[in-house]
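Every number for a ligand or one of its atoms is a count from 1 in the order of the listing.
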Amino acid sequence: MIVLGIESSCDETGVALVKNGKQVLANIVASSLKLHSKYGGVIPEIASRMQLESIAGVFSEALKVAGVRPEQIDLVALTVKPGLPGSLLVGISFAKALALSLGKPLLGINHVYSHFYANFLCHDNIKLPSVALVVSGGHTSIFYIKDFSKIQAIGRTQDDACGEAFDKVAKILGAGYPGGPLIEKLAKRGNKDKIRFACSRTENELDFSFSGIKTAVLYYLKNKKINLVLKQDLAASFQESSIDVLIKKSLLACRRKNVKQLLIGGGVVANSRLRRKFLAGAEKLGISCFFPDMDLCMDNAAMVAGLAYQLYKQGARDNLYLNMQSN
Ligand code: KG4
Ligand code: ZN
């Protein structure tokens with residue numbers, strides 16, 4: 001079964017073709033990120049305009065790369081939430097028109113869930129139930145996945161997402177946007193033990209709070225002369241504290257749910273220090289830790305198509321009344 005996936009929740013326009021929820025035939029992503037960097041964040045109006053202009057071309061490119069004709073598509077899957085309304089609308093309108101003209105079924109997908117599904121595209125030995133951590137620019141959540149249609153959120157951020165905190169700290173340091181890769185680069189030369197930052201405590205131990213640590217960075221810099229060494233130490237210390245809290249809570253969730261497999265997804269998983277520390281921390285408890293390949297960490301449509309295949313097999317269906325859903 002060939003599923004066409006469409007992802008347009010933020011600044012990317014992704015179209016992918018995936019066979020049987022596993023084999024990625026094509027995964028094309030056009031990003032308008034460069035256009036946003038001078039504003040220090042994604043400008044929704046620019047993002048949706050670029051998506052409108054690029055989606056038909058990205059679709060044609062995906063068909064070409066996969067060597068698939070439109071009639072061979074069995075299901076049209078698309079992100080319906082969460083995301084920027086204008087951006088989601090572009091993907092939804094394109095998907096509906098395609099499904100209608102080809103006479104194919106349509107299925108809306110939750111972007112956050114698709115992030116952990118990216119692991120199933122890369123690894124064969126994942127068994128459910130599992131615990132998943134999704135750590136991106138918009139979300140930081142822990143899920144208990146009994147089955148693809150039985151996903152329970154057991155922890156979530158009470159304020160900023162982890163990626164958002166990376167972006168904000170990078171902005172404070174004048175490093176640029178998006179902040180994650182820039183903080184990681186600065187951190188490589190910094191002393192992670194220089195400053196002790198901590199994330200705020202939360203009532204539910206599996207919830208997160210990242211806004212306090214961002215403010216702590218801001219206060220730490222007050223009345224200080226900012227030089228490169230200070231930026232590097234600060235980036236390393238902030239990165240370390242953020243990763244440590246992600247690990248602590250994810251492993252606690254595994255213990256509470258008595259599972260031995262932890263899936264991690266979302267843009268922040270591109271961080272190599274995070275990957276190394278997660279592997280080491282999980283190994284001590286006999287937990288296997290899974291990450292998607294680098295190109296599947298960031299927003300893409302292959303993960304949307306993959307999850308849609310699993311849900312469609314279980315009977316999930318949408319129709320042309322499908323619309324974007326509130327976050
Ligand atoms: O999943 P994603 O592509 O988009 C959302 O769904 O939000 O994640 C983007 C986020 C941004 O906040 C970005 O700064 C962060 O992922 N990110 C990183 C790294 N690469 C991207 N954070 C830390 N280290 C990285 N290497
Ligand atoms: Zn995402």
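Listed by number with element, the atoms of ligand 1 under 4.0 Å from a non-hydrogen atom of G163 are 12 (O). Listed by atom number, the atoms of ligand 1 under 4.0 Å from H115 heavy atoms are 1 (O), 6 (O). Using a 4.0 Å cut-off to heavy atoms of F166, the atoms of ligand 1 that qualify are 23 (C). Counting atoms of ligand 1 from 1 in the listed order, those under 4.0 Å from a heavy atom of A270 are 20 (N), 26 (N).
Figure legend: R317 and Y312 shown as a cation-pi pair, the cationic atom lying under 6.0 angstrom from the six-membered ring centre and within 45 degrees of its axis.
Side-chain contact annotation: S211 with D160, donor-acceptor N/O pair under 3.5 Å absent. No side-chain N or O of N204 forms a donor-acceptor pair with one of T202 less than 3.5 Å apart. With no hydrogens or angles considered, a side-chain donor-acceptor pair links S87 and Q51 at under 3.5 Å. No hydrogens or angles considered: a donor-acceptor pair under 3.5 Å links the side chains of E7 and T79.
Looking at atom 21 (C) of ligand 1, its nearest protein heavy atom turns out to be G267 O, 3.4 Å. The protein non-hydrogen atom at the shortest distance from atom 2 (P) of ligand 1 is D299 OD1, 3.4 Å. With hydrogens left out, the protein atom closest to atom 14 (O) of ligand 1 is D167 OD1, 2.7 Å, a heavy atom. Looking at atom 24 (N) of ligand 1, its nearest protein heavy atom turns out to be N271 ND2, 3.1 Å. Distance from atom 26 (N) of ligand 1 to its nearest protein heavy atom, with residue and atom name: E184 OE1, 2.7 Å. Regarding atom 7 (O) of ligand 1, its nearest protein heavy-atom neighbour is G137 N, 2.8 Å.
Taking 4.0 Å as the cut-off between side-chain N and carboxylate O, E164 and K168 count as a salt-bridged pair. Here D207 does not pair with K249 in a salt bridge; the nearest charged N to carboxylate O distance is not below 4.0 Å.
Not a single donor-acceptor pair under 3.5 Å links the side chain of D233 to the backbone N or O of L230. The closest donor-acceptor contact from the side chain of N20 to the backbone of K22 lies at 3.5 Å or more, if one exists at all.
Ligand 1 has no atom lying under 4.0 Å from any heavy atom of C10. For the pair H111 and ligand 1, a heavy-atom separation below 4.0 Å is found.
Closest to atom 23 (C) of ligand 1 by heavy atom, among A170, G138, G180, is G180.
The Zn ion (ligand 2) sits nearest to atom OD1 when only the N, O or S atoms of D299 are considered. Counting just the N/O/S atoms of H111, the one with the shortest distance to the Zn ion (ligand 2) is named NE2.
None of the N, O or S atoms belonging to C10 lies under 2.8 Å away from the Zn ion (ligand 2).
Crowding of R273 atom CZ: a count of heavy atoms from other residues, nucleotides or ligands under 6.0 Å exceeding 12.
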